[in-house]
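Right, one structure below, let's go through it.
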2 protein chains.
Amino acid sequence: MRVLVTPEEPSSELADALVLAGADVVDPADDGASPVCAVVDLTNEVASVLRRARDLVAQGTPILAVVGAENLPLLETEDWWDDLAVSPINPVELRVRLRRLAAQMENEDLLSYDDLELDTATYQATLADEPVDLTYMEYELLRFFVEHRGRVWSREQLLSRVWGYEYFGGARTVDVHVRRLRAKLGEERSDWITTVRSVGYRFG
Amino acid sequence: MRVLVTPEEPSSELADALVLAGADVVDPADDGASPVCAVVDLTNEVASVLRRARDLVAQGTPILAVVGAENLPLLETEDWWDDLAVSPINPVELRVRLRRLAAQMENEDLLSYDDLELDTATYQATLADEPVDLTYMEYELLRFFVEHRGRVWSREQLLSRVWGYEYFGGARTVDVHVRRLRAKLGEERSDWITTVRSVGYRFG
DNA sequence: CGGGTGCTGTAACACGGTCTTCACATTGGG
DNA sequence: CCCAATGTGAAGACCGTGTTACAGCACCCG
């Protein structure tokens with residue numbers, strides 16, 4: 001989860017909490033790294049200076065204000081922030097709030113590989129921005145592959161992890177679904193799923 | 001600012017903070033006193049018991065969860081609350097959060113999507129300025145969809161969130177209500193509610 | 001009190017899509 | 001070259017959903 005922090009030298013306590021919360025701090029100068037949330041550290045600053053936080057990030061990016069208890073009243077009349085946390089902040093609380101704000105950005109549910117995108121919230125798939133019509137099982141299998149790319153999975157493993165642990169059926173079922181997936185991915189992308197003879201399949 | 005508190009005997013610390021924050025606690029039994037926010041005190045309770053908070057207030061009423069730091073992880077996987085506060089809670093922080101949630105409530109008096117408008121204050125719906133006659137359940141379901149458009153909801157999730165957490169009934173009930181909704185929305189708008197096979201329904 | 005009316009939940013059925021399986025063709029390795 | 005493993009196509013079983021009808025209720029009105 002990528003967040004932008006301002007001012008760039010936050011209190012060491014906030015920096016620690018961000019690490020514990022599992023957040024990656026991005027460089028404001030790096031245009032490519034779009035954050036899912038901005039964190040404004042008001043522990044040592046006055047609010048008026050930092051209203052400009054809105055200008056630092058793309059419109060729609062939620063803003064979390066971190067503030068000392070004594071400065072809370074200052075925020076009451078402001079409306080540029082989307083959530084607040086009182087320092088010293090609990091890392092778990094920070095993570096919960098960041099997650100929630102990121103979900104508001106609704107980018108967290110997006111899985112992607114090359115020009116494939118899977119939106120797990122809407123169950124929609126696109127290839128090069130063109131919608132692809134996948135059936136339920138096709139979608140579940142492809143999602144598993146994208147989430148676990150780079151290693152070989154046996155048919156039995158795929159059956160238990162995608163179809164369900166209690167599933168009892170022929171292993172060839174996997175083959176057929178792989179085939180249909182390759183067909184829907186198209187000619188040039190069909191090698192995304194590699195057959196490893198006598199072992200199983202690998203994605204990516 | 002009127003708030004509903006559950007359980008009815010909150011910790012004395014929360015009770016004090018509510019007074020200091022300037023909140024009036026309403027009686028759950030009093031139907032006339034509609035609160036602008038519900039406060040769920042999880043300091044001494046487990047979350048699972050109190051998901052029912054959603055059932056205590058009208059749909060759309062925001063819910064503030066008050067939780068001890070040690071129980072924070074419990075809330076991470078839940079989605080029935082709109083904001084949270086870690087106890088012991090600062091009265092000023094409580095006031096700021098309640099204000100924000102109450103404002104959110106007021107802004108939702110008018111919900112709209114395309115040429116559909118829902119007036120949650122009067123329970124009236126219009127399509128292209130033409131009034132539509134919706135039954136109670138139809139209205140509640142449509143309102144949930146409009147408020148949570150853009151993602152898929154399983155039948156079980158819809159039963160929990162629209163019918164109530166303690167509701168136990170067949171999942172097919174949702175199907176029938178979706179059908180009735182589609183019929184009243186009319187031919188050309190019936191695809192607002194998309195069926196996602198083996199998963200559920202998505203609005204918008 | 002009794003009948004009517006509208007809302008809600010559930011059961012039953014039909015239809016269409018999807019999954020699974022099978023038979024057969026093709027490939028690849030020893 | 002042979003055998004095992006995999007690709008391919010089609011057929012049938014199965015599952016999920018749309019649709020309709022109906023029963024139980026609550027409510028209203030005479």
Side-chain angles (χ1 to χ4, degrees), chain A residues 123-125 132-145 152-187 189-203, chain B residues 31 55 59 123-125 131-145 152-187 189-203:
Chain A
Y123 264 81
Q124 284 169 324
V132 190
D133 194 33
L134 297 177
T135 69
Y136 177 70
M137 270 301 149
E138 286 163 4
Y139 190 95
E140 292 296 316
L141 179 59
L142 182 55
R143 182 233 282 262
F144 180 85
F145 273 139
V152 183
W153 297 95
S154 74
R155 291 170 176 73
E156 287 70 26
Q157 284 176 313
L158 290 171
L159 282 177
S160 61
R161 306 245 344 221
V162 179
W163 273 257
Y165 283 101
E166 69 283 359
Y167 181 85
F168 281 105
R172 300 303 306 280
T173 296
V174 179
D175 298 41
V176 179
H177 279 270
V178 166
R179 167 178 126 57
R180 282 201 280 259
L181 259 189
R182 290 209 258 233
K184 289 197 178 175
L185 287 175
E187 185 82 24
R189 281 177 282 246
S190 63
D191 62 345
W192 282 1
I193 305 177
T194 314
T195 305
V196 182
R197 213 178 159 78
S198 306
V199 184
Y201 296 98
R202 176 184 59 234
F203 185 92
Chain B
D31 286 341
D55 302 339
Q59 202 187 140
Y123 265 80
Q124 282 172 326
V132 191
D133 196 31
L134 296 177
T135 70
Y136 175 73
M137 268 302 149
E138 287 162 4
Y139 190 94
E140 292 294 310
L141 180 59
L142 181 56
R143 171 191 178 141
F144 181 85
F145 273 139
V152 182
W153 298 94
S154 73
R155 291 170 176 73
E156 287 69 27
Q157 284 177 313
L158 290 170
L159 285 175
S160 296
R161 304 277 304 250
V162 178
W163 274 259
Y165 274 100
E166 35 199 350
Y167 180 85
F168 284 104
R172 298 304 307 281
T173 296
V174 178
D175 298 41
V176 179
H177 279 270
V178 165
R179 169 177 136 59
R180 289 172 182 151
L181 259 189
R182 289 209 258 233
K184 290 198 178 174
L185 287 175
E187 184 83 25
R189 282 177 281 246
S190 63
D191 62 345
W192 282 1
I193 306 176
T194 314
T195 304
V196 181
R197 214 153 205 283
S198 305
V199 184
Y201 296 98
R202 175 185 59 233
F203 185 91

D:dG7 OP1/OP2 closer than 4.0 Å to side-chain N/O of A:Y201: yes
Residue-phosphate contact under 4.0 Å: A:T195 side-chain N/O, D:dG7 OP1/OP2: yes
Integer-rounded Å distance: D:dT17 P and B:D191 CG: 18 Å
Euclidean distance, atom CG of residue B:L181 to atom P of D:dT19 [Å, nearest integer]: 14 Å
Value rounded to 0.5 Å, distance of CG in B:L134 from CZ in B:R180: 12.5 Å
Distance test, side-chain N/O of A:R180 to OP1/OP2 of D:dG7, below 4.0 Å: no
Ring centre gap for B:W153 and B:F144 strictly below 6.0 Å: yes
Sugar-phosphate, base or nothing in reach of B:Y139, heavy atoms under 4.0 Å: nothing
Listed partners of B:T173 passing side-chain hydrogen bond (donor to acceptor under 3.5 Å, both in side chains), at least two apart: none
Nucleotide D:dG18, atom C1' - distance to CD of B:E187 in whole Å: 14 Å
Tabulate below the donor-acceptor pairs under 3.5 Å that side-chain atoms of residues 195-203 of chain A make, not counting sequence neighbours, or state none.
unit_1, atom_1, unit_2, atom_2, d
A:T195, OG1, A:R182, NH2, 3.1
A:Y201, OH, A:R155, NH2, 3.4

C:dG16 OP1/OP2 closer than 4.0 Å to side-chain N/O of B:R197: no
DNA chain D contacts made by residues 163-179 of chain A, counting heavy atoms under 4.0 Å: A:R172, A:D175, A:R179
Rounded distance (Å) that lies between atom P of C:dT20 and atom CG of A:L141: 11 Å
Exercise: do A:Q124 and A:Y139 side chains pair donor with acceptor under 3.5 Å: no
Atom-pair distance (CD on B:E156; P on D:dG16), nearest Å: 11 Å
Short side-chain N/O contact from B:T135 to OP1 or OP2 of C:dG6, under 4.0 Å: no
Smallest separation among heavy atoms of B:L181 and B:E138, with atom names: CD2-O, 3.9 Å
Side-chain N or O of B:S198 closer than 4.0 Å to phosphate OP1/OP2 of D:dC15: no
Value in whole Å for how far the C1' atom of C:dG17 lies from CG of A:L134: 15 Å
Gap between atoms CG and C1', on A:L158 and C:dC19 respectively (whole Å): 16 Å
Parallel, tilted or perpendicular, as decided by the 30° and 60° cut-offs, for the rings of A:Y123 and A:Y136: parallel
Distance in angstrom units between A:R182 CZ and D:dT6 P, rounded: 11 Å
